[in-house]
Colleague: 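Take this structure, written in structure tokens, and hold onto it; I'll ask about it next.
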Amino acid sequence: MSFLRFVRDNASFLAAGALLSFGSSFGQTFFISIFAGEIRAEFGLSHGAWGGIYTLGTTASALVMIWAGGLTDRFRARRLGPAAMALLAIGCLGMAALPGGWAWALVPVIFVLRFAGQGMMIHISVVAMARWFAAGRGKALSVASMGVALGQAVLPALFVAGLAWADWRLLWLGAAGMSLLAMPLALRLLRQERTPQSIAHASQSFGMAGRHWTRNGAVAHWLFWLMVPALLGPPAWGTALFFQQVHLAELKPWTLGQWVALMPLFTAVTIAANFIAGAALDRLGTARLMPFLMLPWMLAFLVLSQADGLAMAGLGLAVLGFGTGAQAVLPGAFWAEFYGTRHIGAIKSAAAAVMVFGSAVGPGISGLLIDRGVDFPDQMLGIAAYLGLAGLLAALGVRRAARLLPAPDALARAA
């Protein structure tokens, strides 16, 4: 089936996935970090204190994700998606209304933003695409993940410009309004959705050893733990990069506005990588692609660490965009391919918890190191080394586990 026909025939489901991922932007670090300067000034926080608050709130959301992510195996996306949007709007309202002397209350606000946005809305979108589609899983994940790419391209520039004429709290009210306005549209797009249970039993997409793995079985398996460093790496250090973008602009020969102006380039490469990864996934499978997932991330941090102008910054962001695009597509399909689809929501929730925890520790560690005199550009060399090691462990694990996958003819008979 051609890509255009695939999109046309599945337009409502794909649009729902993209809407959920776009709506998650208000709980993503690239959006929250825009207001880092205003928040630190309003509440009298150092880089380390703000990073610690962010780490606490995000870590709490990771812990809750272990339970909440499994709800996608029991309830329809039509119910969970709008509920997550409403919760995200509450988090935005909390950020807008929080009194200046209540720094401690930033923790629950960050928890709500991160849990509803980066956690549940992305999780619902990815699980739905992985479950609803089999042969076209790569294309579906590519289209759905474009929502985040679009949000990252449009929203930072829009809201940074808004800071020039509006109070930052007013902008958070606007974010709450946008989230609430998206709820009726999500309900309309998902009005014909089938139940996850019916899809899971009908599709019979098995994992390693020809079985449907449970979450307990997956977490006890050696492959899961070899994948953990690679699961942690991109959210930890990608989050840290955007979380510290105000700090980075203070040290590098560019302003925050100039840095944000590079986001369309980052987004364009991310979108291109989405479709490249999706097409490659449907053709080659995740076993051949996952070993290379960390390579662009490692190269991006090496380039950005040495960037001495906007040209090198743009190159670094372009390479990072390629890694981000692949990251948005491949892991979601990996869990379905290697562990089966029947319990994909619960399994993916464990992986999502690891990734959300990664996004918690990155800002905390980087902020603490900045307070101790290690600027973020200097940290990037160590980050690149970590990503290279994580990629090596993932490659070794995936290559070994690929021998346990069912043969293609067995999959065809099961389907």
Side-chain angles (χ1 to χ4, degrees), residues 20-21 24-25 27-33 54-72 84 110-111 113-130 141 144-145 147-149 151-152 215 218-219 223-243 270 277 286 290 293-294 296-297 320 323-336 338-339 344-366 383 386-387 390-391 393-394 397-398:
L20 284 167
S21 62
S24 76
S25 297
Q28 299 278 5
T29 300
F30 66 76
F31 182 81
I32 299 172
S33 64
Y54 203 78
T55 295
L56 286 174
T58 306
T59 300
S61 73
L63 294 174
V64 177
M65 272 298 300
I66 297 174
W67 166 79
L71 295 176
T72 53
I110 293 298
F111 162 76
L113 290 172
R114 302 292 280 157
F115 171 70
Q118 188 218 17
M120 283 303 293
M121 289 175 69
I122 290 293
H123 179 70
I124 294 166
S125 175
V126 171
V127 168
M129 296 304 106
L141 288 166
S145 65
V148 176
Q152 194 155 14
R215 178 166 61 188
V219 171
L223 177 60
F224 183 90
W225 293 102
L226 283 177
M227 292 298 298
V228 163
L231 292 174
L232 281 169
W237 307 121
T239 298
L241 173 64
F242 291 105
F243 187 81
T270 298
T286 59
M290 288 295 288
L293 187 60
M294 292 296 101
W297 287 88
L320 187 70
T324 301
Q327 178 77 15
V329 174
L330 297 182
F334 167 80
W335 301 112
F338 277 75
Y339 291 99
I344 184 63
I347 294 171
K348 179 67 176 60
S349 71
V354 173
M355 296 172 72
V356 174
F357 178 71
S359 70
V361 300
I365 292 174
S366 61
I383 291 171
Y386 170 91
L387 292 166
L393 291 174
V398 169

Colleague: So which heavy atom on G151 is nearest to which on S25, and how close?
Modeller: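 Distance-wise, the nearest heavy atoms are CA-OG, 3.5 Å.
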
Colleague: Compare every heavy atom of I124 with every heavy atom of A84, then report the nearest pair and how far apart it is.
Modeller: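 Shortest heavy-atom contact: CB-CD1, 4.4 Å.
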
Colleague: Hey, are the side chains of M227 and L223 touching, using non-hydrogen atoms and a 4.5 Å cut-off?
Modeller: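 When only atoms from C-beta onward are counted, L223 and M227 do touch, with a gap below 4.5 Å.
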
Colleague: Would a distance-only check, ignoring hydrogens and angles, find a side-chain to backbone donor-acceptor pair under 3.5 Å from W297 to P234?
Modeller: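 Side chain of W297 to backbone of P234, a donor-acceptor pair under 3.5 Å: no, none is there.
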
Colleague: Where is the tightest heavy-atom contact between L330 and A277, given as atom of each residue plus distance?
Modeller: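 Closest approach of L330 to A277: CD2-O, 4.3 Å.
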
Colleague: Are any non-hydrogen side-chain atoms of W335 and F224 less than 4.5 angstrom apart?
Modeller: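 Result yes, sub-4.5 Å side-chain heavy-atom pair found.
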
Colleague: Would you check if Q327 and M355 make a side-chain contact, meaning some heavy-atom pair closer than 4.5 Å?
Modeller: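 Yes, their side chains come closer than 4.5 Å.
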
Colleague: Determine whether the aromatic ring centres of F242 and W237 lie less than 6.0 Å apart.
Modeller: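 Aromatic pair excluded; centres sit 6.0 Å or further apart.
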
Colleague: Evaluate the side-chain proximity of L293 to P331: yes if any heavy-atom separation is below 4.5 Å, no if none is.
Modeller: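 Touching, per the 4.5 Å side-chain cut-off.
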
Colleague: Less than 3.5 Å apart, which donor and acceptor atoms pair up between the side chains of residues 55-65 and the rest of the protein, not counting sequence neighbours?
Modeller:
from, atom 1, to, atom 2, distance (Å)
T55, OG1, G51, O, 2.9
T55, OG1, A360, O, 2.6
T55, OG1, G364, N, 3.1
T58, OG1, Y54, O, 2.8
T58, OG1, R114, NE, 3.2
T59, OG1, T55, O, 2.7
S61, OG, T58, O, 2.6

Colleague: How about I122 and L20: do any of their side-chain heavy atoms sit closer than 4.5 Å?
Modeller: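 Not in contact.
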
Colleague: Are any of the side-chain heavy atoms of L393 and W225 separated by less than 4.5 Å?
Modeller: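 Side chain of L393 against side chain of W225, heavy atoms only: no contact under 4.5 Å found.
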
Colleague: Could you tell me whether the side chain of P363 reaches within less than 4.5 Å of the side chain of T239, counting heavy atoms only?
Modeller: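 They are in side-chain contact.
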
Colleague: Taking side chain to side chain donor-acceptor pair (under 3.5 Å) as the test, write out the residues that go with S366, two or more places apart.
Modeller: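 S366 satisfies side chain to side chain donor-acceptor pair (under 3.5 Å) with Q244 only.
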
Colleague: Any idea which heavy atoms bring A350 and R215 closest together, and the distance?
Modeller: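 It is CB-CD, 4.0 Å.
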
Colleague: Which heavy atom of V361 sits nearest to which heavy atom of A236, and what is that distance?
Modeller: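 The pair with the smallest heavy-atom distance is CG2-CB, 4.3 Å.
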
Colleague: Which value, rounded to the nearest 0.5 Å, describes the distance between T324 atom OG1 and Q152 atom CD?
Modeller: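 With rounding to 0.5 Å, OG1 (T324) is 7.0 Å from CD (Q152).
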
Colleague: Is it true that a side-chain atom of S125 and a backbone atom of S21 form a donor plus acceptor pair closer than 3.5 Å?
Modeller: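 No; judged by distance alone, with no hydrogens or angles, the pair does not exist.
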
Colleague: Shortest non-hydrogen contact from A149 to T270?
Modeller: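 Looking at all heavy atoms of both residues, the closest pair is CB-CG2, 4.0 Å.
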
Colleague: Report the distance from atom CZ of F115 to atom NE2 of H123, rounding to the nearest 0.5 Å.
Modeller: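 With rounding to 0.5 Å, CZ (F115) is 9.5 Å from NE2 (H123).
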
